[in-house]
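Along the sequence shown, residues carry numbers from 1.
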Amino acid sequence: MFAAYAARIDPENPLEGLELGDRPAPVARPGWTTVRVRAASLNHHDLWSLRGVGLAEDKLPMILGCDAAGIDEEGNEVVVHSVIGQSGHGVGPKEPRSILTERYQGTFAEQVTVPSWNVLPKPKELSFEEAACLPTAWLTAYRMLFTNAGVRPGDSVLVQGAGGGVATAAIVLARAAGLTVYATSRDGAKRRRAVELGATEAFEPGARLPRRVDAVIETVGAATWSHSVKSLRPGGTLVISGATSGDRPSHAELTRVFFLELKIVGSTMGTKDELEDLLAFCANTGVRPVVDAVLPLDRAREGFERMAAGDHFGKIVLTAS
C-alpha cells in the first residue's frame, strides 16, 4: 500500500528522512481493527518524529501520522484515537502510554491498524477531512482549555502562536465557549485571521494585553514563555503542551510565579472520553476545524514543507482512498 513514512532520522534536516512509496499492508491481530483511511492530518509531532524525538532508529521505517478518519472493517465511518496503551485494550494494561507512530505504524497510508478500543464513531455532521483534524491538535486544545485550565464562560485566555494547529483550535473552541480570547503571532495576516476566527484582539508577541488573563495556552515555548507568565492575573493558569521554539526560556520568571501564586500545568493529548466530547461538541454546535489545505497522500511532502516553514494557518489534511 502507498504510504508516507520515516525512512531515516535527521535532527537537522528532518524532511531528508521522509519517503513516499509502498509499505506492507497491516497484518490482522487479535483485539485490533484495520481502518481504511479516508483522511489524515499533519501535526508537528510528525516533524519531531523525523528528528528522532519519540521515534527510535530501531522502529524504522515508520509510517507517520497520528490522526485519521475512515471506514472500519464493518463499513462504519470512524475516527481514530491515537493514544495507545494504559487502557488494557489491545496492548495490555502494563504497556506505557504512547502516541501512534512512536511504537506502531501510523495513518499516512491507505490503511492503519489500531486497538479496537481506539476506534470511535464519526458523527455524520463532520466530513472525513474535518474529523481527521480532531484527535491530536484539537483534542490537545480541548483538554488544555476545559480540563487543565478549567476556564469557564466569561473568563479570558491568551493563545500564543496563532496559526498552529493547537493554537487555532484553542481560539475557535474558547470563543465558542464564551471566553474573551487574545492571540499573538509574528505574522500580520495570521493576526487578522485569528480575529476573524473569534479572537477579541490579536497582538505581536510580547505586546501588553488590555488586561491580565485567567489562562494562557502555550505551545511556542522559550520565545513566548516570559510574556505568557507576565500576562496572567494573580492565581492564573499557564497550560503548556509544546515548545516549538525551544524548551529552555532565558527568563523563567520564577519570582512572579511564586509571588502571584501562578499555576503551571503540563498537558499532553487527551482521553478517549474527551475526544468523544469534542466530536459531539463540534457536531452539535457547528464548530468546525480550520483547514489550511487538503492534499492527496502522494503530495504529502508539500504538506510537510508547508508545516515546517510555518506558512500554514490551521490543519493540513492528506486524503487517501
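Ser241 and Thr219 share no donor-acceptor pair across their side chains, judged by distance under 3.5 Å alone. A side-chain donor-acceptor contact under 3.5 Å links Asn148 and Ser267.
Partners of Ala6 according to the side-chain contact (heavy atoms from CB on, under 4.5 Å) rule, which considers only residues two or more places apart in sequence or in another chain, are Leu50, Leu55, Leu60, Leu64. The side-chain contact (heavy atoms from CB on, under 4.5 Å) test applied to Thr168 returns Leu197, Val290, Phe313, not counting sequence neighbours. Applying the ring-ring contact (aromatic ring centres under 6.0 Å, His included) test to Tyr5 and every residue at least two apart in sequence or in another chain returns nothing. For Arg233, the side-chain contact (heavy atoms from CB on, under 4.5 Å) partners two or more places apart in sequence, or in a different chain, are Arg212, Asp214. With sequence neighbours left out, the salt bridge (Lys or Arg N to Asp or Glu O under 4.0 Å) criterion links Glu276 to no other residue. In this structure Ala293 satisfies the side-chain contact (heavy atoms from CB on, under 4.5 Å) test with no other residue, sequence neighbours excluded.
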Review item, side-chain donor-acceptor pairs of residues 299-308, under 3.5 Å, at least two apart:
| unit_1 | atom_1 | unit_2 | atom_2 | d |
| --- | --- | --- | --- | --- |
| Arg299 | NE | Glu302 | OE1 | 3.4 |
| Arg299 | NE | Glu302 | OE2 | 2.9 |
| Arg299 | NH2 | Glu302 | OE1 | 2.9 |
| Arg301 | NH1 | Leu15 | O | 3.1 |
| Arg301 | NH2 | Leu18 | O | 2.5 |
| Arg306 | NE | Asp292 | OD2 | 2.6 |
| Arg306 | NH2 | Asp292 | OD1 | 3.3 |
| Arg306 | NH2 | Asp292 | OD2 | 3.4 |
| Arg306 | NH2 | Asp311 | O | 3.2 |

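Sorted by first and then second residue, the pairs that involve residues 139-152 and meet salt bridge (charged side-chain N to carboxylate O under 4.0 Å, His left out), not counting sequence neighbours, are Arg143-Glu274. Pairs of residues two or more places apart, or lying in two chains, never qualify as salt bridge (charged side-chain N to carboxylate O under 4.0 Å, His left out) while including a residue from residues 56-65.
In this structure, Val216 shares a hydrophobic cluster with Leu158, Tyr182, Phe203, Leu209, Val213, Trp225, Val229, Leu232, Leu238, Ile240, Val257, Phe258, Phe259, Leu260, Leu262, Ile264, the cluster being traced through Ile, Leu, Val, Met, Phe, Trp and Tyr side chains under 4.5 angstrom apart. Alongside Val294, the hydrophobic cluster contains Val291, Val317 (criterion: ILVMFWY side chains under 4.5 Å). Clustering of Ile, Leu, Val, Met, Phe, Trp and Tyr side chains at separations under 4.5 Å places Ile71 together with Phe128.
Here the OG-NZ distance, from Ser127 to Lys122, works out to 7.0 Å after rounding to the nearest 0.5 Å.
Heavy atoms only, all atoms of each residue included: Leu20 and Asp298 are closest at CD2-O, 3.4 Å.
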| request: May I have the step-by-step check of ring pair (Phe, Tyr, Trp, His ring centres under 6.0 Å) for Trp32 and Tyr104, ending in yes or no? | output: CA-CA 12 Å; Trp32 289 55; Tyr104 302 104; 5.1 Å; yes

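Between Arg8 and Glu19 there is a salt bridge, since a side-chain N of the basic residue sits under 4.0 Å from a carboxylate O of the acidic one.
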